[in-house]
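Residue numbering restarts at 1 for every chain, and letters A, B, ... go by the order of the sequence lines. Values reported hereafter were calculated over all heavy atoms of this structure, with side chains retained and with hydrogens, waters and symmetry mates removed.
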Amino acid sequence: MATPALSVTRRQVLRGLLATSAFGLTVKLGGCGDSPIADDGTDTLTAGFVYVGPRDDYGYNQAHAQGRDGLADVPNLSAFDEANVPETQAVQETMRSMIDLDGASVIFATSFGYFEPHVLSLAEEFPDVQFFHCGGLYEEGVHPDNVGSYFGYIDEAQYIAGIVAAHTSETKRLGFIGAIPIPQVLRNINSFTLGARSVDPSVTTQVIFTGDWAAPVREAEAANSMIDQGVDVLTCHVDSPRVVIETAERRGVFSSGYHASQAELAPNGYLTGAEWDWTSVYRNYITWLQEGKTLMNGGIPHLVRGGLGDGFVKLSDYGSAVSDTAKQEAEDAKAGLLSGDLVIYAGEIQDNRGNTVVAQNEALGQTAIELEQMDWLIEGVSGSVS
Amino acid sequence: MATDALGWWGVPLAIIAGTLRGSAPFLFVSLGECLTEKSGKINLGLEGTLLMGAMSAYAVSFLTGSPWLGVITAGVAGMGLGLIHGWLAQQPRVNDIAVGIAMIIFGSGLAFFFGKPYIQPAAPQLPSIAFGAWSQSPQLESALRVSPLFLLGVAIAPLMTWFFRATRWGLLVRAVGDSPDAARAMGISVFKVRLFSIMAGSFLAGVGGAYLSLYYPGIWSERISSGQGLMAVALVIFARWNPRQCLYASLLFGGAQAIGPALQSVGIDAYYYLFNASPYILTLLIMVFTCSPRRQLSGAPGALGQSQD
C-alpha cells in the first residue's frame, strides 16, 4: 500500500475534529458560568466576576461568590461569574470573552495571581474597561489607570478570634496552618497570636506551612500532627479551611474559621472565625459605578481597603463553647478596633528571634506600609518564615 | 502526660499514623496499575480514574446515605473509564501513553463537572476500626484508627501475587503481557484479556478514590488527589511489577506525606518545602535510579507498552 505521506482522509479529519472538540468540551466543562443575576432595563451595568476555585468551597471563593450573590437585588445590574479559572492564560481568555461576548464593562478578578501579567495586559488592551483586583497590588504610576485594587484588613477579625481562642484553650497551645509565608498570611498569624497573648501571655502558636493554597491531604496531616502535640485550638489560612475544621472536630478539639463561616462543619468545636464581607464592598463599588464614577475620571480611588469598621470583614457567630467572659472581652476589643483606640501593632513587639520589630512608643496603624511587607513572626509563635 | 504534648515522639508517631491513614490510595492505584501493566498495557489515566472514583463515591454516599455503596460505585465508575482506555489503547497504531494522558484530562474533567454540586454537602463517611482502644493516650488511639478499606487493600496485595503465580487466569494475564504472539498461538484473545485487566485495574483505582473522599481526608474537592494517581503509577516500576512490593512502596509513600507537617509541628522549620515535597522527590529518585535506556528492567512484562502491529 503506497499512500502519500501527507494525504489526509475524510475519516481522519472527522476523527481529529471529534477529538479536539471532546478535549475542548472536557476542559470547558470545568467551569461554566451561571446565568446573569438580573438583566432588565436599558442602561444596564454589566460586571463579570472571576474566581480561581469553586463557588461553594467553604472558603475564599465562596466568600467572593456570596459577595456577588448579595448584588441580586441591585437594579440595572447584570452580574455574572465564572469559577475554577486558573491563574494562567485561561483567565485572560475568560476576561476577554466576558468583555467581548457578554459586554462586561467591569471585571472583578478575585484571585491574587490574576494580577500580573493577566489583569495588567488585558487592561492595556481594553482601556475603557475597569478591572478591580482583590489583593491590594496596585501601584500609582506603575500600573494602568483603569486598574484598581481592593483588600480587607481581615487580621482585625483574627485578633479577636485569637482572644476567643486563648480563653477557650486548656493547653494554651494554638495551631495555625498557613499555606505560604507571604505577608498577608504572616499578618494573620501574628494578629491571631497577639490577640491570644493579650489575654494570657503564656499562650503560644504553632505554625505549619503546607506550601500550597490547596493541599487537602497535607492539611489533614498538619492538623493531626499539631493535635498530637497538644494543640487544642486550630485555625488556618488556606483556600478552603474545610479539611482543617473537620479534622479538628473529629479529633475533639476547638477550631476557628477563616474566609467564610464553617460553623455547620463543626457544631461542637467551632468558636468563631474571621470572615470576609465582600457584599458590602461590591455594593459600594456598584453604587459608585452607577453614579458615573470611574477609576479613570478619579471618582473611584485606585486602592480601596478597610477592616471591621468599613464592613470589609466580620466575625462568625460565637459557638457554644465560647464563655461569656470570652465574648465580653472579644466585644470590648471589637469596640476598641472600631473606635480606633486599640491598635494591634503597638510597641514594643519582638519577633521570635529576639529582634525588636515595633519599637517601644511606636504604633503601626492598619494602613502602615511596614505591615504590608511583614516578614517576621512575633514572639510566642513557633515557626519560621524562610 | 498522656494528653500533653508528645514532643519528639510525635514525629515517628505521625509518620506511622500517616502511613496507616495516607497510603491506601497509593496502594489501590498501584495494585490496579500492576494488574494492568502485567497484561502489557500502561494506563496513565488512573489519575483521572482516582478523581472520578473520589467524586462518584462522595456523590453516591451523599445521595443514598451509604458509604459502602459509594465505594462500589467508585469502582464501577473506574471500570467505565477503564473500558474506554482498554478499547482505545488497543486500536492499531494507537499509543497507550497518549491515550492515558487523554484519559487523565477526560476523567478529571468529568469528575469536576459532575462533582460541582457535591463540594459543599457533607457525605456519610466510612467507619474505622479502633485498634488503639486499649491505649490511654488519645494520640496513639487516633493514630491506630484504621479504615477497613485499607485492610482490604493490604489483603489484596498477597492475593494478587498468588493470582499471578498459581491461577489459570493469572497465568493468562502474564502470558499476554510477556508474549502476546505466544498467547495468540494458544488461542487466547489478547484483546479481551487486556481489556479485562485494564478494567479490573481501574476498578481498584476507583476504590482508591473512594478512600480519599470517604475516609481521609474525607472531602470531595478538585485538588483532592494532588497527583497521587500519577505517583502510584511510577511506584509500580519501583515495585518491579510485584504486588507485594507495591504494598511496601505504598506504605513508604504514605509515610513520606506525613514527614513535612510532623517535623514542623515539633519546631523543625528549616527546609519545609523540601520535606513537603518528599513524596515527589522520592518519585523522581526512583525514576532516576531504576530507569536506564540500555537495559530492560527485571520483572517488566516483555510486551509492556509495545503496540501490536
(request) Among the options B/P217, B/G115, B/G18, pick out the one with the most heavy-atom pairs lying under 4.5 Å from chain A. (result) B/P217
Segment of [X] engaging chain B (4.5 angstrom heavy-atom cut-off):
{"X": "A/Q62", "result": "side chain"}
{"X": "A/A215", "result": "neither"}
{"X": "A/V231", "result": "neither"}
{"X": "A/D212", "result": "side chain"}

Between [X] and [Y], what is the shortest heavy-atom contact and its length?
{"X": "A/E221", "Y": "B/A14", "answer": "OE1-O, 4.3 Å"}
{"X": "A/R173", "Y": "B/S265", "answer": "NH2-O, 4.5 Å"}
{"X": "A/R242", "Y": "B/I119", "answer": "NH1-O, 2.5 Å"}
{"X": "A/D56", "Y": "B/Q120", "answer": "O-CB, 3.6 Å"}

(message) Please check if the number of heavy atoms outside A/E87 that lie under 6.0 Å from its CD is greater than 12.
(response) yes
(message) For B/W87, I'd like to know if atom CH2 has over 12 heavy atoms of other residues, nucleotides or ligands within 6.0 Å.
(response) no
Calculate, to the nearest 0.5 Å, the distance between atoms [atom1] and [atom2] belonging to [X] and [Y] respectively.
{"X": "A/D57", "Y": "B/S221", "atom1": "CG", "atom2": "OG", "answer": "8.5 Å"}
{"X": "A/S384", "Y": "B/I268", "atom1": "OG", "atom2": "CD1", "answer": "11.0 Å"}
{"X": "B/S137", "Y": "A/D228", "atom1": "OG", "atom2": "CG", "answer": "8.0 Å"}

(message) Between A/P54, A/G383, A/G53, A/S382, who has the most heavy-atom pairs with chain B when the cutoff is under 4.5 Å?
(response) A/G383
(request) Using heavy atoms and a sub-4.5 Å threshold, report which of residues 246-268 of chain A line up against chain B, by residue number. (result) A/E246, A/R250, A/R251
(request) Please answer whether the main-chain N or O of A/W213 pairs with a side-chain N or O of B/R223 as donor and acceptor at a distance below 3.5 Å. (result) no
(request) Using modelled atom types only, decide if a donor and an acceptor are shared between the side chain of A/Q206 and the backbone of B/Q264 within a distance under 3.5 Å. (result) yes
(request) Tell me, for B/Y216 versus chain A, whether the close heavy atoms (under 4.5 Å) come from the side chain, the backbone, both or neither. (result) side chain
(message) Need one label for B/R145: side chain, backbone, both or neither, based on atoms under 4.5 Å from any heavy atom in chain A.
(response) neither
